[in-house]
Amino acid sequence: MYSNHYKYVSEIINKALEKANLDGVLIYSGHAQNYFLDDMPYPFACNPHFKWLVPITETPHCTIHYQPGKKPTLYLYQPKDYWHSLPATPQGEWTEFFNIIPVACKEEVPDYGKLQNHAWIGQANSCEHDSLQHNPKVYMDYVHFHRACKTDYEIENIRQANKLALKGHKAAYKCFKKGKSEFESHVAYMKATNHNEYQLPYGNIIAQNQNGAVLHYQHMQRHRLPKKQLKSFLIDAGCVVNGYASDITRTYAYEGGEFKLMIKAVDKMQRKIGKKAIVGTSYIDLHIQAHMKLADILRDFDIISCDAQTALESGLSNVFFPHGLGHYLGLQVHDIGGRQTDENGNTLSPPELHPFLRLTRTLQENNVLTIEPGIYFIDMLLDDAKAKGLGKYINWSRVEDFKPYGGIRIEDNIVVKKHKPVNLTR
Ligand code: GLY
Ligand code: MN
Ligand code: MN
């Protein structure tokens, strides 16, 4: 699979270089930055352009020198260092496609400044040579647009990242059912997925009860709630395989009842919307359809009194669903290029009422994206709605009934196809 992936990637890089009138490119893995006034680094996050070519995701100070028509060279940083262990010797099919040269210190790195007509792709202030163009826009736009279409190799990695995350989801849910704390669910997730905190694609969101109404809830309460107080469990957690992320959310009710029925309704509409992620569809349209369906659910549960169209146009549906339907997914959790309409860097902004929508593109084959509708009961947004005169549509006593449950989000990872999308999560 990697060889086809390499072929696709190298064709895109060749074309991007041609468009940018460049002879070659240096792609830097990156390095960790220190905290302010400190010698402790923030966790290292690898440059996605680098991970796209090689599945080395935890090694800073590496560079790939790529020139069209030549075997690229990977300068693999292997310092003489008794503070850290050395990165493992690279293995796998991909290694055949590179000349791999270990470098132990700066002095062993070639003088990239002597290269003619090259660009440097890497984080801010990482390029030490004025003669190199730093992240030239023409190159970046071209790559970012085409990186949205995933190869079989990439899809397989995201599939494996789904499989692994689902093991963690199961373990975390089991803890909830046993009455354990949010933090205990988190620990069970980490154990089941064999990830440490730095390897997760994003901080786990593990919420019981009202905490599910905080979209990126981060605290993880250490204490257990008495079982009779347990109402709901929302887990948004993913994994990484060869640099590729999964991003999955599930919501559960502790017992039967209306909240469980609402989860079922959201699950049903989520699956339906997911099946519409086919080639040629505007993701903005899917987002709007999701709003309409969620508004129908809110009305069915007697939470709002107006019809879906009114809920959409008045902004009422945003009160309960205040984020985008989803985003591209891959080497980044929110993979780049979601608003780019072409390879020249033109973009399409989201509709005015939906500024958080990260993906506005018309879908192409093998785009990988999330579908993550939700319904939340968020005090701040409910207060705003009242202040804006939308309170007349809201059945406040029903809102009070649901508030203790926090919210619902259901999120799957989908591969866009011509007729039938592939759901990597279900
Ligand atoms: N977990 C972050 C997101 O769903 O976008
Ligand atoms: Mn997501
Ligand atoms: Mn998520």
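Indexing begins at 1, ligand by ligand and atom by atom, following the structure's order. Scope of the values below: all heavy atoms of this structure, side chains included, with no hydrogens, waters or symmetry mates. Note that the structure is predicted; figures quoted are calculated from it, not measured. For the single chain, residues carry numbers from 1 onward in sequence order.
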Q: With sequence neighbours excluded, what pairs up with Leu53 under the side chain to side chain contact (heavy atoms under 4.5 Å, CB included) test?
A: Tyr6, Val9, Ile13, Ile27, Ile64, Phe98
Q: Check side chain to side chain contact (heavy atoms under 4.5 Å, CB included) between Ser232 and all other residues, then give those that pass, not counting sequence neighbours.
A: Asn209, Phe259, Tyr405
Q: Regarding Asp379 and Lys403, does a basic nitrogen lie under 4.0 Å from an acidic carboxylate oxygen?
A: yes
Q: Pairs under 3.5 Å, N/O atoms on ligand 1 and on the protein: can you put them in a table with the distances?
A:
unit_1, atom_1, unit_2, atom_2, d
ligand 1, 1 (N), Asp236, OD1, 3.2
ligand 1, 1 (N), Asp236, OD2, 3.1
ligand 1, 1 (N), Asp247, OD1, 3.1
ligand 1, 4 (O), Asp236, OD2, 3.4
ligand 1, 4 (O), Asp247, OD1, 3.3
ligand 1, 4 (O), Asp247, OD2, 3.1
ligand 1, 4 (O), Glu372, OE1, 3.0
ligand 1, 4 (O), Glu372, OE2, 3.4
ligand 1, 4 (O), Glu411, OE1, 3.3
ligand 1, 4 (O), Glu411, OE2, 3.2
ligand 1, 5 (O), His327, NE2, 3.1
ligand 1, 5 (O), His334, NE2, 2.7

Q: For residues Phe356 and His354, establish whether the separation of their ring centroids is below 6.0 Å.
A: no
Q: Can a cation-pi geometry be assigned to Arg361 and Tyr283, taking NZ or CZ under 6.0 Å from the six-membered ring centre and within 45° of the ring axis?
A: no
Q: Taking the six-membered ring for Trp, is the centroid-to-centroid distance between Phe176 and Tyr252 below 6.0 Å?
A: no
Q: Within less than 2.8 Å of the Mn ion (ligand 2), how many protein N/O/S atoms are there?
A: 4
Q: Considering non-hydrogen atoms only, spot the tightest contact between Tyr244 and Ile158 and give its length.
A: CB-CG1, 3.8 Å
Q: Between Lys293 and Asp296, is there a side-chain N and carboxylate O pair less than 4.0 Å apart?
A: no
Q: Are the ring centres of Tyr2 and His5 closer than 6.0 Å?
A: yes
